Amino acid sequence: MQQTYFMIKPEIVAAGDQKVGEILAIVNRAGFRITGLAMRTLDRATVEDFYGEHRGKGFYDDLCDYISGGAVVTVRLERENAVAALRELIGATNPADAAVGTIRDLYGASLQNNAVHASANPDDAARELGIIFG
Ligand code: CMP
């Protein structure tokens, strides 16, 4: 079994409970087990650390403002091949490029407001789960 980190972003949480529930149901139906779940507002220092690989990029400050600017749903997931399977389920970073039926295709609004985050590889999953779940 492999673990990965999944996060539902502020614009989805702010839109109300229905979208959060729908997205969690999609993840459950794809065979993931939820082993950690919390709705939290992450402080800016935590978000800066979390997205540290993007420090210096043009979108970094806006990204940190956006993710620390409202509540997110933080989720620890478990499944065989969890990291790759979740990345496939959420689709490309830019919703405009996301395959039909993926979470970002269904719920993403823009490159920044792309509904959800999922760890890119097993090392990132371990690092991100450590930051968020300790
Ligand atoms: P995520 O998968 O959480 O990883 C980094 C986030 O930065 C990405 O989703 C988007 O929300 C945001 N972002 C904004 N602009 C860009 C960009 N040009 N390239 C990649 N990610 C971006």
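Fair warning: this is a prediction, and the values are worked out from it, not measured in the lab. Start at 1 and go down the list; that is how both ligands and their atoms are numbered.
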*Pair Arg44 + Asp65: basic N to acidic O under 4.0 Å*: yes

*Do the rings of Phe133 and Tyr5 sit parallel, tilted or perpendicular, given the 30° and 60° boundaries?*
perpendicular

*For the pair His54 and Phe59, name the ring-plane relationship: parallel under 30°, tilted 30 to 60°, perpendicular over 60°.*
tilted

*Give the atoms of ligand 1, by number and element, whose distance to some non-hydrogen atom of His54 is under 4.0 Å.*
5 (C)

Considering only the protein, which heavy-atom contact is closest to [atom], and what is its distance?
{"atom": "atom 8 (C) of ligand 1", "result": "Asn114 ND2, 3.7 Å"}
{"atom": "atom 19 (N) of ligand 1", "result": "Phe59 CE2, 3.6 Å"}
{"atom": "atom 18 (N) of ligand 1", "result": "Leu111 CD2, 3.3 Å"}
{"atom": "atom 12 (C) of ligand 1", "result": "Leu63 CD1, 3.7 Å"}

*Strictly by modelled atom types, are Glu78 and Thr35 linked by a side-chain donor-acceptor pair under 3.5 Å?*
no

*Pair Gln2-Glu80, side-chain contact (heavy atoms from CB on, under 4.5 Å): steps then yes or no*: CA-CA 6 Å; Gln2 191 179 50; Glu80 244 174 65; over 6 Å; no

*State if Arg104 counts as touching ligand 1 under the rule of any non-hydrogen atom under 4.0 Å.*
yes

_Any Lys57 heavy atom less than 4.0 Å from ligand 1_ = no

Heteroatom proximity flag, [X] to ligand 1, N/O under 3.5 Å:
{"X": "Tyr66", "answer": "no"}
{"X": "Tyr51", "answer": "yes"}
{"X": "Arg87", "answer": "no"}

*What do the steps show when you test Phe6 against Ile23 for side-chain contact (heavy atoms from CB on, under 4.5 Å), and what is the final call?*
CA-CA 11 Å; Phe6 181 57; Ile23 290 170; 3.7 Å; yes

_Lys9, portion touching ligand 1 at heavy-atom distance under 4.0 Å_ = side chain

*Go through the steps for Arg33 and Leu77 under the test side-chain contact (heavy atoms from CB on, under 4.5 Å), then give the verdict.*
CA-CA 6 Å; Arg33 201 160 74 87; Leu77 294 173; over 6 Å; no

*Look at atom CD of Glu88 and say whether more than 12 heavy atoms of other residues, nucleotides or ligands are closer to it than 6.0 Å.*
no

